[in-house]
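Comments concern the structure below.
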Amino acid sequence: MMKKTGGAMLSMLNLDRQSGMPLTRQLENKIRKAVLDGSLPQNARMPSTRQLATDLGVSRLTIKNAFEQLTTEGFLETRRGSGTYVAILSTGITPIKSSSKRRRKRTSKVGPIAPHVQRIQNSLATTRLSHVRAFRPGIPALDLFPRRAWSEAYSRALRSHDSFLLGYGPSSGLDQLKAAIAAHVLDSRGIECDPNQVVITSGAQQAFSLILLTLLTPGDTIWMEDPGHIAFRDAANLHGFGIGSVPLDAEGFSLSSALATYDPCNLIFVTPSHQHPLGMTMSLSRRLELLDVAKSQNSWIIEDDYDSEFHYEQRPLPALKALDKQNRVLYVGSFSKSMFPAMRLGYLICPSGLEAAFSAAETLLSQNVSLPQQKAMAYFMEDGSFNSHIRKMKQVYQTRRDTLVTALQNHASNILRPEPCLTGMHLVTRFTNSSVSDQFLANQLWEAGIDCLPLSIFRDQATVDPGLLLGFACAPENQINDKVIRAVRCLEAAMPTIQVTEE
């Protein structure tokens with residue numbers, strides 16, 4: 001039993017008068033923590049409010065208010081004629097130390113935890129997503145985003161005075177935006193769909209999760225490209241689905257390898273218009289063959305058309321979804337690369353007949369995307385601002401791509417070899433020295449202020465020559481040459497220390 005306040009108590013309840021937090025709240029938090037970690041033993045008598053106020057140099061009212069709150073919460077209890085005591089909280093389930101002896105502090109461990117927690121933590125899909133530096137792949141030209149036009153569209157949405165926009169809204173998205181998207185994909189990708197087939201999502205990754213949740217059951221199998229989409233692969237593994245990693249050839253997804261290696265699957269994941277990350281395009285004949293295989297083995301197909309708006313030398317082939325007569329393809333698009341990543345707005349075009357299922361899945365997973373945001377995007381598409389922005393960015397990105405290629409040829413030809421880039425927002429480069437570790441070198445570049453992604457992080461089982469993905473869309477033309485020179489100096493300094501490629 002505590003009869004007087006000792007030095008340990010005063011140290012434990014040390015208050016910070018420079019903090020913006022009220023002293024009463026600080027005292028509550030410190031006593032609460034001390035009770036839970038055993039520093040204040042159960043059934044111990046607390047000092048009187050008068051004595052503790054004197055010792056801590058605060059008003060007695062501060063102490064009384066803190067004691068009253070903690071008594072209400074159940075951490076302290078008042079005994080008539082005796083004083084205030086630490087309550088007896090141990091239930092046999094949550095052990096609380098009862099000894100008043102000081103113990104060495106130990107780092108608490110969370111547990112037990114499921115094995116998939118470690119898999120989540122180890123995913124490379126979240127690498128430095130918060131930063132915007134040249135040459136980060138997948139980041140658009142934020143310096144040239146039409147802020148005024150977007151602001152006007154957003155203000156227009158808010159000025160509509162439609163209270164509907166402040167509610168949850170329909171789970172599959174705003175009809176006006178769904179109609180605008182259906183018109184857009186018909187014009188740009190040759191996809192004929194009813195607006196009701198469009199499901200608005202908070203980006204492509206949520207669309208992938210919706211598909212996995214809605215169409216597959218644990219134990220189902222998926223074929224996907226290798227190297228390929230990190231976040232989808234890790235999400236599928238997390239859900240317990242078997243992954244058949246399919247190598248690539250000149251046309252991307254090698255269907256012959258998949259058929260020769262694996263049993264029939266339930267889902268096939270492809271990026272046919274611009275393979276992620278290597279950039280090849282799937283031929284028309286391969287697309288038709290893939291659709292036939294999906295039909296024969298009763299498989300679904302996810303078509304991730306992540307940056308198809310940006311093609312530079314020729315018109316792209318029609319989307320796989322545009323060729324689908326068997327109702328097998330789920331088309332996923334996003335505005336993260338065409339507009340800006342923070343928008344968190346994407347869409348899924350589902351096969352007819354599955355509209356209600358995906359609408360319900362959206363409700364179960366995360367409710368809806370901001371309705372004012374959806375309304376603004378609908379206006380932005382309807383008045384032509386979106387198409388105008390895409391046309392401008394295609395010209396800008398082509399110039400930035402050419403500037404980057406020239407800079408690499410002028411300054412980095414002995415280190416990096418750029419590969420042809422006919423579409424998209426990043427350049428694939430390979431190291432001339434195939435024994436280096438691209439992950440190490442990418443980290444060295446990051447320390448030097450250059451952002452990029454190593455090719456090897458996209459692989460599962462495939463052998464991938466070391467290289468870097470250099471995003472040119474987010475790099476202003478007048479900075480590219482200097483950034484390449486800085487990158488070359490960094491690589492030249494780092495490469496002698498590297499002997500073998502990381503596995």
Side-chain angles (χ1 to χ4, degrees), residues 121-139 225-231 233-234 245 247-248 274-280 307 400-421 424-477 479-503:
Q121 180 175 312
N122 291 340
S123 174
L124 297 176
T126 57
T127 306
R128 298 194 296 262
L129 288 179
S130 61
H131 296 275
V132 178
R133 296 180 181 177
F135 300 98
R136 175 73 191 190
I139 301 296
E225 303 156 332
D226 185 14
H229 197 294
I230 302 171
R233 183 173 61 229
D234 288 355
S245 295
L248 307 175
H274 184 219
Q275 199 281 328
H276 184 67
L278 298 186
M280 65 276 286
D307 62 2
R400 293 185 177 186
R401 178 202 64 177
D402 295 343
T403 303
L404 177 57
V405 170
T406 299
L408 290 170
Q409 291 171 342
N410 290 341
H411 305 294
S413 59
N414 62 324
I415 299 176
L416 289 170
R417 182 181 67 254
E419 297 185 352
C421 171
M425 301 162 63
H426 70 256
L427 199 66
V428 176
T429 63
R430 305 281 186 167
F431 285 102
T432 55
N433 181 352
S434 61
S435 67
V436 300
S437 165
D438 57 7
Q439 293 188 43
F440 174 87
L441 292 175
N443 285 332
Q444 294 299 109
L445 288 170
W446 171 258
E447 295 296 329
I450 305 294
D451 198 2
C452 59
L453 292 177
L455 278 177
S456 61
I457 67 173
F458 295 91
R459 65 178 289 274
D460 183 23
Q461 302 175 15
T463 299
V464 179
D465 289 337
L468 300 175
L469 263 65
L470 301 179
F472 49 79
C474 65
E477 297 96 297
Q479 298 180 14
I480 290 176
N481 195 69
D482 289 345
K483 294 286 187 181
V484 169
I485 292 174
R486 182 189 298 182
V488 168
R489 290 172 180 168
C490 175
L491 293 173
E492 287 176 340
M495 287 180 71
T497 66
I498 304 303
Q499 302 298 322
V500 296
T501 304
E502 290 186 6
E503 294 297 328

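Just so it is clear, the model here is predicted, and its values are computed rather than measured.
The CD atom of Glu477 sits 13.0 Å away from atom CZ of Arg401, with the distance rounded to the nearest 0.5 Å. Gln444 CD to Leu491 CG: the interatomic distance, rounded to the nearest 0.5 Å, is 9.0 Å. Considering CZ of Arg233 and OG of Ser245, their distance stands at 6.5 Å, rounded to 0.5 Å. Rounding to the nearest 0.5 angstrom, the gap separating the CD atom in Gln479 from the CZ atom in Arg133 is 13.0 Å. Atom CG of Asp465 is separated from atom CZ of Arg459 by 11.5 Å, given to the nearest 0.5 angstrom. Interatomic distance, CZ of Phe135 versus CE of Met425, reported as 14.0 Å (0.5 Å rounding).
Scanning both residues, Arg430 and Glu419, for their nearest heavy atoms gives NE-OE2, 2.8 Å. Residues Asn433 and Pro466 come closest through the heavy atom pair O-CG, 4.1 Å. In plain terms, the two heavy atoms of Pro137 and Cys452 that are nearest each other are CD-CA, 4.2 Å. Across all their heavy atoms, Gln275 and Gly228 have their closest contact at NE2-CA, 4.3 Å. For the residue pair Cys421 and Phe472, the shortest heavy atom distance occurs at SG-CE2, 3.9 Å. Counting all heavy atoms, side chain and backbone alike, Ala407 lies closest to Ile480 at CB-CG2, 4.4 Å.
Under a 3.5 Å cut-off, the side chain of Glu225 and the backbone N or O of Pro277 do not form any donor-acceptor pair. Looking at Thr432, its side chain does come within 3.5 Å of a backbone N or O of Asn414 through a donor-acceptor pair. Although no hydrogens or angles enter the test, the distance criterion places a donor-acceptor pair under 3.5 Å between the side chain of Asp226 and the main chain of Gln461. Arg400 contributes a side-chain N or O that, together with a main-chain N or O of Ala473, makes up a donor-acceptor pair within less than 3.5 Å.
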| request: Go through the steps for Phe431 and Leu441 under the test side chain to side chain contact (heavy atoms under 4.5 Å, CB included), then give the verdict. | output: CA-CA 10 Å; Phe431 285 102; Leu441 292 175; 3.5 Å; yes
| field | Audit row: Arg417, Thr429, side chain to side chain contact (heavy atoms under 4.5 Å, CB included) steps and yes/no | value | CA-CA 5 Å; Arg417 182 181 67 254; Thr429 63; over 6 Å; no
| task | Before giving the answer on side chain to side chain contact (heavy atoms under 4.5 Å, CB included), spell out for Val464 and Ser456 the whole-Å C-alpha distance, their side-chain angles and the decisive distance to 0.1 Å. | result | CA-CA 6 Å; Val464 179; Ser456 61; 5.5 Å; no
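Side-chain contact between Leu278 and Pro227: present, with at least one pair of heavy atoms (C-beta onward) separated by less than 4.5 Å. With a 4.5 Å cut-off on side-chain heavy atoms, Val484 and Leu408 count as touching. Between His426 and His274, some side-chain heavy-atom pair lies under the 4.5 Å cut-off.
In this structure, a donor-acceptor pair under 3.5 Å is present between the side chains of Asn481 and His411.
By the 30° and 60° cut-offs, the orientation of the rings of His276 relative to Phe458 is perpendicular.
Salt bridge Asp451/Arg136: present, at least one basic N to carboxylate O contact under 4.0 Å.
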